[in-house]
Visitor: 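Below you'll find the structure I mean.
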Amino acid sequence: LLKDPSDKRSRSMREKNDVRDRHYKLTRALEDAYFGGITVSFYRGTLDNAIWYDIKGAYSRAIQTLNTDQYLMYDWRAAPDKETAAYDRDRPALCQVTTDAVMCSVNKSLKIYRVDTPCTKWYWNFDVQALRLLFPDCVMDVERAYTPVPLNPVEASLPGKWDRLKDEEERLHGKTTLRNYYKSLSNTSYGIKAQRDPRPTAHTNLCIAGMITARSHLALIEMVDECRKHGLIWRYSDTDSVCVTGEYFDGLTDAINRRIAPF
């Protein structure tokens, strides 16, 4: 088998990232702050007149919005204003917080709940914002915040190009094998960044993986919050979609799109 030179470069970047993570003592923080998709069910059974909203390409949009390819190699910087960094909607920051709003993985399943006594947690700033929307009265004291400094200068991330090719192929020829190929490229560009089992790869990058899912969580919870503001009841969510019940009106979709832009 011939070795791919790009794989060697990726491994080198990962090793340098690992050194910087250890220097700032953020290796465990990155692991603790990484969570998958949010699935919630408040209701079991049949629902009449349910309304479903689905974010188009949530992870791909997060990759493009944050331009995550620039973080294939990165350094860290302590945020001079930790509160501003924690509530920045556009730029990622890894935050240590004291909070009674807990997001954690139990048996590889994401759990979200409140506790009586605030505890110390590491969250990406987008998850800090999402939890504040879910629990407006929660304790959320920001102790420290670090912003990743991109060291791989690129104008745009590859999934953006793959999405354009996918949409163009579908427009011209329908849902062909080529169209599905471009979609698979975009999807795997996220998944491989989060791979740790059975072992990390040259492409594993929890900084990128964490900011992608956290930014998607925020878009999802903003969608939930907008529906609630219009009197709808949140019934179910799965990663990038919400199911609500209530009175639909023609302006609801536009209101949601304005709220979650650029998603």
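All heavy atoms count here, side chains included; hydrogens, waters and symmetry mates do not.
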Visitor: Would you confirm whether N205, through its side chain, and A194, through its main-chain N or O, come within 3.5 Å as a donor-acceptor pair?
Guide: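 Judged by distance alone, no pair lies under 3.5 Å.
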
Visitor: Linking I/L/V/M/F/W/Y whenever their side-chain heavy atoms sit closer than 4.5 Å, directly or via other members, would I233 and L133 fall into one cluster?
Guide: no

Visitor: Taking salt bridge (charged side-chain N to carboxylate O under 4.0 Å, His left out) as the test, write out the residues that go with R132, two or more places apart.
Guide: none

Visitor: So do the side chains of M73 and K16 get within less than 4.5 Å of each other, counting heavy atoms only?
Guide: yes

Visitor: Please report the C-alpha distance between T120 and V97 in whole Å, then the side-chain angles of each, then the deciding distance to 0.1 Å, and finally whether the side chain to side chain contact (heavy atoms under 4.5 Å, CB included) criterion is met.
Guide: CA-CA 6 Å; T120 302; V97 298; over 6 Å; no

Visitor: Q129 and A86: which non-hydrogen atoms are nearest, and at how many Å?
Guide: NE2-O, 3.2 Å

Visitor: When you check the gap from the basic side-chain N to the acidic O, do R28 and E31 get nearer than 4.0 Å?
Guide: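 No salt bridge links R28 with E31.
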
Visitor: Salt bridge or not between K229 and E222? Use side-chain N to carboxylate O under 4.0 Å.
Guide: no

Visitor: If a pair satisfies ring-ring contact (aromatic ring centres under 6.0 Å, His included) and one of its residues is in residues 93-139, list it, with sequence neighbours excluded.
Guide: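 Listed once each, the pairs would be none.
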
Visitor: Only counting residues at least two apart or in another chain, list the ones meeting salt bridge (charged side-chain N to carboxylate O under 4.0 Å, His left out) with E83.
Guide: none

Visitor: Roughly how far apart are R14 CZ and R11 CZ, rounded to 0.5 Å?
Guide: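 Going from the CZ atom of R14 to the CZ atom of R11 covers 7.0 Å.
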
Visitor: Linking directly or through intermediates, with side-chain heavy atoms under 4.5 Å: list the remaining ILVMFWY members grouped with V106, chain and number order.
Guide: none

Visitor: Would R171 and D167 pass as an ion pair if we require N to O under 4.0 Å?
Guide: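 A salt bridge is absent here (no side-chain N lies under 4.0 Å from a carboxylate O).
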
Visitor: Rounded to the nearest 0.5 Å, what's the gap from NZ on K166 to OG on S60? Could you check?
Guide: 7.5 Å

Visitor: Taking side-chain hydrogen bond (donor to acceptor under 3.5 Å, both in side chains) as the definition, give me every residue that meets it alongside D141, ordered by chain and number, with sequence neighbours left out.
Guide: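 Result, side-chain hydrogen bond (donor to acceptor under 3.5 Å, both in side chains) vs D141: none returned.
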
Visitor: Quick one: do the T27 and K25 side chains pair a donor with an acceptor below 3.5 Å?
Guide: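 The answer is no; no qualifying pair exists.
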
Visitor: Determine all donor-acceptor pairs shorter than 3.5 Å in which one atom belongs to a side chain in residues 240-256; sequence neighbours excluded.
Guide:
from : atom 1 : to   : atom 2 : distance (Å)
S241 : OG     : D238 : O      : 3.4
T245 : OG1    : R235 : NE     : 2.9
T245 : OG1    : R235 : NH2    : 3.3
T253 : OG1    : Y53  : OH     : 2.9

Visitor: Side chain of D69, backbone of A156: donor and acceptor closer than 3.5 Å?
Guide: no

Visitor: Return yes if some donor-acceptor pair links the side-chain N/O of T147 with the main-chain N/O of A93 below 3.5 Å, else return no.
Guide: no

Visitor: When you check the gap from the basic side-chain N to the acidic O, do R228 and D225 get nearer than 4.0 Å?
Guide: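 Salt bridge flag = no for D225 with R228.
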
Visitor: Counting only heavy atoms from other residues, nucleotides and ligands, does the tally under 6.0 Å from CZ of R199 exceed 12?
Guide: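 No, CZ of R199 has 12 or fewer neighbouring heavy atoms, counting only those of other groups under 6.0 Å.
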
Visitor: Closest approach of N67 and V154, non-hydrogen atoms and distance?
Guide: ND2-O, 3.0 Å

Visitor: So, taking the atom named CE in M223 and the one named OG in S237, what distance separates them when rounded to the nearest 0.5 Å?
Guide: 7.0 Å

Visitor: Rounded to the nearest 0.5 Å, what separates atom CG in N125 from atom CG in L218?
Guide: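 Spacing of CG (N125) from CG (L218) equals 8.5 Å.
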
Visitor: Would the distance check show the side chain of Q96 and the main-chain N or O of V142 forming a donor-acceptor pair, the cut-off being under 3.5 Å?
Guide: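 Looks like no, no N/O pair under 3.5 Å.
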
Visitor: W234 and I112: same hydrophobic cluster, using ILVMFWY side-chain contacts below 4.5 Å?
Guide: yes

Visitor: Can you tell me if N49 has over 12 outside heavy atoms packed within less than 6.0 Å of its CG?
Guide: no

Visitor: Does CZ in R196 sit with more than 12 non-hydrogen atoms of other residues, nucleotides or ligands closer than 6.0 Å?
Guide: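 Atom CZ in R196 is packed in, count exceeds 12.
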
Visitor: I need the single residue from T68, T65, L72 that forms a side chain to side chain contact (heavy atoms under 4.5 Å, CB included) with S157. Which is it?
Guide: T68

Visitor: Determine whether L232 and I51 make a side-chain contact, defined as any pair of heavy atoms from C-beta on separated by less than 4.5 Å.
Guide: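 The answer is yes, as the side chains (C-beta and beyond) meet within the 4.5 Å cut-off.
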
Visitor: Using modelled atom types and a 3.5 Å cut-off, is there a donor and acceptor pairing between side-chain atoms of S12 and backbone atoms of K8?
Guide: no

Visitor: If you compare all heavy atoms of I63 against all heavy atoms of P159, which two are closest, and at what distance to 0.1 Å?
Guide: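 The answer is CG2-CG, 3.6 Å.
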
Visitor: Taking the side chain as every heavy atom from C-beta outward, state whether L30 and C207 have any pair of such atoms under 4.5 Å apart.
Guide: yes

Visitor: Applying salt bridge (charged side-chain N to carboxylate O under 4.0 Å, His left out), name anything that partners D100, two or more places apart in sequence or on another chain.
Guide: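 If we apply the salt bridge (charged side-chain N to carboxylate O under 4.0 Å, His left out) test to D100, skipping adjacent residues, the hits are R114.
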
Visitor: With sequence neighbours left out, what residues match T176 under side-chain hydrogen bond (donor to acceptor under 3.5 Å, both in side chains)?
Guide: E169

Visitor: Could you pull out all residues at least two apart from R22 that satisfy side-chain hydrogen bond (donor to acceptor under 3.5 Å, both in side chains)?
Guide: none

Visitor: Looking at G210 and T213, what are the two nearest heavy atoms and their distance?
Guide: O-OG1, 3.3 Å

Visitor: What's the shortest heavy-atom distance between Y236 and W52, and which atoms?
Guide: CD2-CH2, 3.4 Å

Visitor: Side-chain heavy atoms under 4.5 angstrom apart, residues restricted to Ile, Leu, Val, Met, Phe, Trp, Tyr: same cluster for I192 and L66?
Guide: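 Result: no, two separate clusters.
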
Visitor: Could you walk me through whether K193 and T204 pass the side chain to side chain contact (heavy atoms under 4.5 Å, CB included) test, one step at a time?
Guide: CA-CA 4 Å; K193 297 295 187 292; T204 300; over 6 Å; no

Visitor: As a quick check of understanding, evaluate side chain to side chain contact (heavy atoms under 4.5 Å, CB included) for W76 and L26, giving each step before the final call.
Guide: CA-CA 9 Å; W76 292 100; L26 293 176; 3.5 Å; yes

Visitor: Using the side-chain hydrogen bond (donor to acceptor under 3.5 Å, both in side chains) criterion, which residues pair with E170? Sequence neighbours excluded.
Guide: R179

Visitor: To the nearest 0.5 Å, what is the distance between CG on D163 and CD on Q64?
Guide: 5.0 Å

Visitor: I need the L151 CG to Y74 OH distance, nearest 0.5 Å.
Guide: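 Output value for this atom pair is 10.0 Å.
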
Visitor: Can you sort out the partners of R44 under salt bridge (charged side-chain N to carboxylate O under 4.0 Å, His left out), two or more places apart, ordered by chain and number?
Guide: none

Visitor: Can you name the nearest heavy-atom pair linking V102 to C119, along with the distance?
Guide: CG2-SG, 4.0 Å

Visitor: Check the pair M140, V128 against side chain to side chain contact (heavy atoms under 4.5 Å, CB included), reporting the backbone distance first and the verdict last.
Guide: CA-CA 8 Å; M140 189 67 74; V128 169; 3.8 Å; yes

Visitor: With clusters defined by side-chain heavy atoms of hydrophobic residues (ILVMFWY) lying less than 4.5 Å apart, directly or transitively, does F42 cluster with L220?
Guide: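 Result: yes, single cluster for both.
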
Visitor: Tell me, which pairs form a ring-ring contact (aromatic ring centres under 6.0 Å, His included) where one or both residues lie in residues 166-213, sequence neighbours left out?
Guide: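 Only Y59-Y190 qualify under ring-ring contact (aromatic ring centres under 6.0 Å, His included).
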
Visitor: Tell me whether M13 shares a hydrophobic cluster with L158, the cluster being built from Ile, Leu, Val, Met, Phe, Trp, Tyr side chains joined at under 4.5 Å.
Guide: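 No, separate clusters.
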
